[in-house]
Number of protein chains: 2
Amino acid sequence: MTTIADVARRAGVTAATVSNVITQRVPVSAKTRDRVLKAIAELDYRPNLVARGLALGKTLTLALVVPTLTNPYFAEVVEEVARVTDQHDYQMLLSMTHNHADEGRRHLARMASRRVDGFIVMGMAADTSDVVALMQQDHPVVVCMWNHDPRLQLLPVVDIDFRLAGELATRHLLEWGHRRIAIIVEEPVQHSRLQGYQMALLEAGIVPDPVYIRPGDSSFASGYQAALDLLALPHRPTAIFACNDWMALGAMEAVERHGLAIPGDMAIVGVDDIAQAAYAHPPLTTVSTPRREVARAATELLLRLIDHSEQEPYMTLVRPHLVVRHSTDVALRRSGE
Amino acid sequence: MTTIADVARRAGVTAATVSNVITQRVPVSAKTRDRVLKAIAELDYRPNLVARGLALGKTLTLALVVPTLTNPYFAEVVEEVARVTDQHDYQMLLSMTHNHADEGRRHLARMASRRVDGFIVMGMAADTSDVVALMQQDHPVVVCMWNHDPRLQLLPVVDIDFRLAGELATRHLLEWGHRRIAIIVEEPVQHSRLQGYQMALLEAGIVPDPVYIRPGDSSFASGYQAALDLLALPHRPTAIFACNDWMALGAMEAVERHGLAIPGDMAIVGVDDIAQAAYAHPPLTTVSTPRREVARAATELLLRLIDHSEQEPYMTLVRPHLVVRHSTDVALRRSGE
DNA sequence: CTGAAAGCGCTTACAG
DNA sequence: CTGAAAGCGCTTACAG
């Protein structure tokens, strides 16, 4: 690898001058600048960013920590973070924790050792206390799509208003006349959606029935299974609110295999509006969560924190909106059942 | 940030000794080792990996370059690379090029400047010549899931035998009696699958008809559209081989909306065996491509290249296998049409 | 076993 | 405008 010293030698100057030409921090005479640029080109010199990082105390690298990429939701978010990161000439160190606290701690520590300039931690990929500790060691951190946690007040968070998402979905079903509305929810990450669901029901004078609250893990398979369980109930619900689209699609599959019609016998709503929702069978009504916007906002905030080292805590909530399609747009077939 | 000098001072030794304790490269007396470890713990010292990287000339970082994460195929591959990377105490710098050659070149250059220890380039995310150039500058590189390209002989490649995938899918349809078999294919990345398709047809004495060869871009939507075009043909095919599952699922949707039965009126085969394939409507017959195995093989090969700096070119082909489900398992309903 | 010195490849005041 | 020197935080021979 050719170094700045090689370039200096060839251009007949000193390394400091080469550095000045490259960084443009200090004026250099046109003549020597040309000589230096020529030498750089001839030697195909590429500055060693590791050395620069050590000298400058910054690495132009962000750490992004997510639970998994298997969930397309995070895949999209990572894409967007990478896009913004790239625009700002930063690079992205990515790691997945699979929601395992130990992994999260280990990854955060290692990335801190690598002296990344800042962290974005998504979807509760690590323990809140570990993230707070990171911030207390003066690392810029932005937390994105987290759960409500009192300790979060200490650090900047960018999130989607998921409680509103739960309300929008549930109110929509209530408007179509449903009273027995089930929910499939992954705790604790989707707790706000559950809260929204409960609030909307209470608003309508309905006391949430625990038997209609089913656990999932956000996968297609878990939605499928939860729906099967709901269908086996003596007094089965007439509508299902699945807290993400994958579970909603899984639930649809289960309902159809059971020989029931959607939405005639069972209305279904999801959350996210993933690409497949529009092509589902029938097209899925869902609450769209503007994930790219959230990712962008989080990244830009982090970049600002790094540059200006502002210290105030933030809370940015992006509003979701309902996308009505055909999985809900028919009134109950047998309203008396 | 506390440095090795702080630790040394506190332990009453020199930085070299602290380093020796940490790296265990040189024996240190138990007594001073304990003092050093105590100081490390008290100061919560974390070695600066940037400085170590500069001193050692290695960064314990791999670069992974993929086209996109939107395709769950790559999402899974990235997960697996990250897993293996992590196991070996490496980290992963990720970038996406969206199959844009300029982006690829730019990202590779930047990552080289960052002195990553090696590169995995996936799915033709960059121009072959740029990757070859990288290797010629002595960067360890492994190429994964590439297209056949004569220049590839220069570098190690790990791939799935996609031509075999095309043959398996097509032969399967031929066995069920289909003669008018269409293909939806993204060129040039899926060219081998097309070759396999053509070979299987010729083997069966059928001359591939260009009108049955339709372009796609690997997305659900493109499969949907291509199937629509095929259905509009005066002499429409009785089977569709979609070169990935997403296009197959899109094609299924189009066929069903058209009012035709699967597989009675139209058999459909995909490639990949993504999670959704088994839950499709009907469950999708597909050629499973062991993507995690490929990702793991590529990462481990790269790690070996970094350690031993072997120079021989490699070619590793992983065999795919057919997964028969219900989207093909009925003979033609109207064999005379 | 431990310390003093030099080096990794940059950048940054400070002189001149 | 340019050079000499010191420093970023480590590691690695080499002495002792």
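Every chain is numbered from 1, with letters handed out A, B, ... down the list of sequences. In what follows, every heavy atom counts, from backbone to side chain, and hydrogens, waters and symmetry copies are set aside.
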With respect to the phosphate group of D/dT11, does any side-chain polar atom (N or O) of B/Thr23 fall under 4.0 Å of OP1 or OP2?
no

Are B/Thr17 and C/dG3 close enough that a side-chain N or O sits under 4.0 Å from OP1 or OP2?
yes

Can you figure out which of [options] approaches the side chain of [X] most closely?
X       : options               : value
A/Arg52 : D/dT2, D/dG9, C/dT11  : C/dT11
B/Thr32 : C/dG9, D/dT2, C/dT2   : C/dT2
A/Ala55 : D/dC10, C/dT2, D/dC8  : D/dC8
A/Ala15 : D/dT11, C/dC1, C/dT11 : C/dT11
A/Leu54 : D/dG3, D/dT2, D/dG9   : D/dG9
B/Asn48 : D/dT2, D/dG9, C/dT11  : D/dG9

Base-paired stems that DNA chain C participates in, counting runs of 3 or more Watson-Crick or G-U pairs under 3.5 Å:
C:1-3 with D:14-16, C:5-12 with D:5-12, C:14-16 with D:1-3

How is B/Thr14 classified with respect to the nucleic acid when contacts are heavy atoms under 4.0 Å: base, sugar-phosphate, or nothing?
base

Quick one: label B/Val13 by what it contacts on the DNA or RNA (base, sugar-phosphate, nothing), any heavy atom closer than 4.0 Å.
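Result for B/Val13 = sugar-phosphate.
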
Measure the distance from [atom1] on [X] to [atom2] on [N] and round it to the nearest whole Å.
X        : N      : atom1 : atom2 : answer
A/Arg9   : C/dC10 : CZ    : C1'   : 15 Å
A/Arg114 : D/dG9  : CZ    : P     : 17 Å
A/Arg33  : D/dC1  : CZ    : P     : 9 Å
B/Asn20  : C/dG3  : CG    : P     : 10 Å
B/Ile22  : D/dG9  : CD1   : C1'   : 11 Å
B/Ile4   : D/dT12 : CD1   : C1'   : 12 Å
A/Arg25  : C/dT11 : CZ    : P     : 10 Å
B/Gln24  : D/dT11 : CD    : P     : 12 Å

Does this structure show an ion pair linking [X] with [Y], if we count only N-O contacts that are shorter than 4.0 Å?
X        : Y        : answer
B/Lys38  : B/Glu42  : yes
A/Arg304 : A/Asp307 : no
B/Arg83  : B/Asp86  : no

Regarding A/Thr61 and A/Gln91, is there a side-chain donor-to-acceptor distance under 3.5 Å anywhere?
no

Polar contact flag, side-chain donor to acceptor under 3.5 angstrom, A/Glu80-A/Thr299:
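No, because no side-chain N or O of A/Glu80 sits under 3.5 Å from a partner of the opposite role on A/Thr299.
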
4.5 Å side-chain heavy-atom contact, A/Leu93 and A/Arg114:
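Yes, at least one pair of side-chain atoms sits under 4.5 Å.
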
Would you say that B/Arg115 contacts A/Met1 through its side chain, given a criterion of any heavy-atom pair below 4.5 Å between the two side chains?
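Yes, their side chains come closer than 4.5 Å.
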
Do you know which two heavy atoms are closest between A/Leu49 and B/Arg110, and how far apart they sit?
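Shortest heavy-atom separation between A/Leu49 and B/Arg110 comes out as CD2-O, 4.2 Å.
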
